[in-house]
2 protein chains.
Amino acid sequence: MPKVRTAQETPLSQDCDNCPIRHRAVCARCEADELRFLETIKYYRRFDAGQTVVWSGDRMDFVASVVSGIATLSQTMEDGRRQMVGLLLPSDFVGRPGRPAAAYDVTATSDLVMCCFRRGPFEDMMRTTPSISQRLLEMTLDELDAAREWMLLLGRKTAREKIASLVAIIARRDASLKLHGRSQSLSFDLPLTREAMADYLGLTLETVSRQISALKKDGVIQLTGQRHVTIPDFNRLVEETGDDTDGGFLV
Amino acid sequence: MPKVRTAQETPLSQDCDNCPIRHRAVCARCEADELRFLETIKYYRRFDAGQTVVWSGDRMDFVASVVSGIATLSQTMEDGRRQMVGLLLPSDFVGRPGRPAAAYDVTATSDLVMCCFRRGPFEDMMRTTPSISQRLLEMTLDELDAAREWMLLLGRKTAREKIASLVAIIARRDASLKLHGRSQSLSFDLPLTREAMADYLGLTLETVSRQISALKKDGVIQLTGQRHVTIPDFNRLVEETGDDTDGGFLV
DNA sequence: GCATGGTTTTGATCTACGTCAAGGCGGCGA
DNA sequence: TCGCCGCCTTGACGTAGATCAAAACCATGC
């Protein structure tokens with residue numbers, strides 16, 4: 001159990017700016033007390049790429065937020081058909097307070113560090129600290145919007161539009177992680193295998209591969225190796241997604 | 001503006017048991033004061049079947065919950081492709097606190113009564129009354145789960161499985177509205193046109209019609225008229241959905 | 001009764017994507 | 001250096017569901 005050691009190694013305030021629980025929210029007393037309290041309910045876990053965090057239906061006695069790396073949420077049918085239902089990036093939250101079992105398979109796609117909270121104490125804190133519910137509500141509403149956008153993609157978009165949408169999403173997130181490099185030539189690695197993309201988009205891996213090749217041939221994207229993408233013209237890519245070009249700013 | 005009149009016609013406590021705002025939450029003072037306060041921020045609106053409540057992007061200065069009837073949330077692409085992303089039944093909540101514009105088209109599928117709260121005062125109350133955020137969080141998490149189940153359906157199920165799933169969902173909700181009639185022969189009206197079902201399932205209306213005919217021919221469902229369905233054997237129907245038969249009780 | 005318009009069914013055909021199968025590429029350990 | 005194994009690509013072919021088109025159904029008003 002490396003929880004105490006890890007918590008001391010990396011100051012909490014540094015890694016967990018996006019956690020639903022901030023220092024101040026936990027305890028108004030001195031920093032030392034705070035840390036000592038946090039150490040009893042909060043700990044880090046590391047996973048290697050490909051490792052499963054939990055299986056759907058397994059007991060899950062923590063909630064967590066992603067510190068670094070990428071994880072996926074997926075559902076599988078008895079005959080093996082699989083659908084991803086969420087992509088977890090740094091600062092995203094997993095687990096449902098009040099629910100003792102995982103509802104989805106959670107898998108580390110890259111090396112992954114998660115910041116976990118024991119579920120019981122976390123639920124207690126939610127009761128006593130309204131800001132946690134409020135923050136969680138905001139995050140959940142964002143996820144719901146993302147899920148609904150994804151429903152449009154799954155139900156109505158063509159394979160080419162699906163690929164373009166996924167690449168655009170990854171590009172946007174990547175760009176917002178770096179600085180706000182407006183409409184310049186973007187360049188990044190795809191964090192998912194072709195199979196994972198297929199599971200995400202409701203396609204087969206062959207179709208994913210073919211459509212990526214097609215977008216490459218048409219100059220919408222450039223590929224170096226199999227994973228590294230550069231986007232010469234982001235607007236061109238967005239046109240291929242089938243989405244409104246104005247990006248729909250709703251806040 | 002029928003807000004005051006309507007509020008008085010039907011006692012609030014009766015229609016709005018499932019509203020995120022309950023009487024007690026609003027005001028601890030006497031019932032009269034409470035009512036008078038509520039009347040300033042809460043009002044009913046009625047819509048005819050087929051009417052649009054708001055269009056995506058329109059200003060929306062209220063949040064609301066469905067009192068009776070059925071509404072749908074949908075997104076449409078520029079070329080007219082349409083995908084439903086939510087089905088609103090009595091007690092379901094629409095609108096996002098903090099967001100001034102609708103993110104989706106909201107349409108009344110049947111005659112509809114909604115209980116609306118002015119957005120500004122509602123947001124104030126959320127700040128002062130933590131139970132509202134907590135309740136809303138629960139509801140949003142449920143919706144997110146439903147959305148994710150729908151993603152599996154859209155991405156991976158066959159047309160026949162999609163139809164069976166939809167019928168099963170409607171049947172279950174109908175059954176839980178009536179009494180808990182366990183695994184008996186169920187009977188109800190489909191609240192959606194074939195086209196609306198198609199938009200919900202990511203299919204065309206022709207495919208919907210064909211698959212309904214097929215399920216009927218195979219004895220999985222019985223049809224009287226075009227809308228009235230009876231399910232002779234619910235388990236048989238569930239087998240056709242492709243879902244785990246154990247229903248996955250997670251809570 | 002009959003005309004009207006929205007909904008639903010059914011048929012004939014087309015096509016985007018899935019399926020099956022064969023290689024190619026690139027990293028890693030022996 | 002070679003061979004292995006996991007990824008990825010590409011081709012040939014099959015099929016579920018889309019598309020196009022016609023007709024049947026059903027409620028409504030005249």
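Lettering of chains follows the sequences in order, A, B, ..., and the numbering in each one begins at 1.
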[N] [atom2] sits how many Å from [X] [atom1], rounded?
X: B/Lys216; N: C/dT8; atom1: NZ; atom2: C1'; value: 11 Å
X: B/Glu195; N: C/dG6; atom1: CD; atom2: C1'; value: 11 Å
X: A/Gln211; N: D/dG11; atom1: CD; atom2: C1'; value: 15 Å
X: B/Lys162; N: D/dA18; atom1: NZ; atom2: C1'; value: 12 Å
X: B/Leu205; N: D/dC20; atom1: CG; atom2: C1'; value: 13 Å
X: B/Arg160; N: D/dT15; atom1: CZ; atom2: P; value: 18 Å
X: A/Asp199; N: D/dC7; atom1: CG; atom2: P; value: 13 Å
X: A/Leu203; N: C/dC17; atom1: CG; atom2: C1'; value: 8 Å

Q: Kindly indicate, with the supporting measurements, whether the criterion side-chain contact (heavy atoms from CB on, under 4.5 Å) is fulfilled by A/Leu192 and A/Leu190.
A: CA-CA 6 Å; A/Leu192 301 171; A/Leu190 294 173; 5.7 Å; no
Report yes if the side chains of [X] and [Y] come closer than 4.5 Å at any heavy-atom pair, otherwise no.
X: A/Met114; Y: A/Phe62; value: yes
X: B/Leu141; Y: A/Leu144; value: no
X: A/Thr158; Y: A/Gln211; value: no

Closer than 3.5 angstrom, by distance alone: can the side chain of [X] be matched with the main-chain N or O of [Y] as a donor-acceptor pair?
X: B/Asp111; Y: B/Ala49; result: yes
X: B/Gln75; Y: B/Met84; result: no
X: B/Lys157; Y: B/Gly242; result: no

Please work out if [X] contacts a base, only the sugar-phosphate, or nothing of the nucleic acid, heavy-atom cut-off 4.0 Å.
X: B/Arg227; answer: sugar-phosphate
X: B/Gly202; answer: sugar-phosphate
X: B/Ile212; answer: nothing
X: B/Thr204; answer: base

Q | Secondary-structure notation, DNA chain D, from Watson-Crick and G-U pairs under 3.5 angstrom (| other strand) | A | ||||||||||||||||||||||||||||||
Q | Options C/dT8, D/dT10, C/dC17, nucleotide nearest the side-chain atoms of A/Ser213 | A | D/dT10
Examine [N]: is either OP1 or OP2 under 4.0 Å from a nitrogen or oxygen in the side chain of [X]? Give yes or no.
X: A/Thr193; N: D/dG6; value: no
X: A/Arg194; N: D/dT9; value: yes
X: A/Thr207; N: C/dG18; value: yes

Q | Partners meeting side-chain hydrogen bond (donor to acceptor under 3.5 Å, both in side chains) with B/Gln222 (sequence neighbours left out) | A | B/Thr230
Q.
Heavy-atom nearest nucleotide on DNA chain D for A/Met197 versus B/Glu206: which residue maps closer to 5'?
A. A/Met197
Q | Donor-acceptor pair under 3.5 Å, B/Arg210 side chain vs C/dG11 base | A | yes
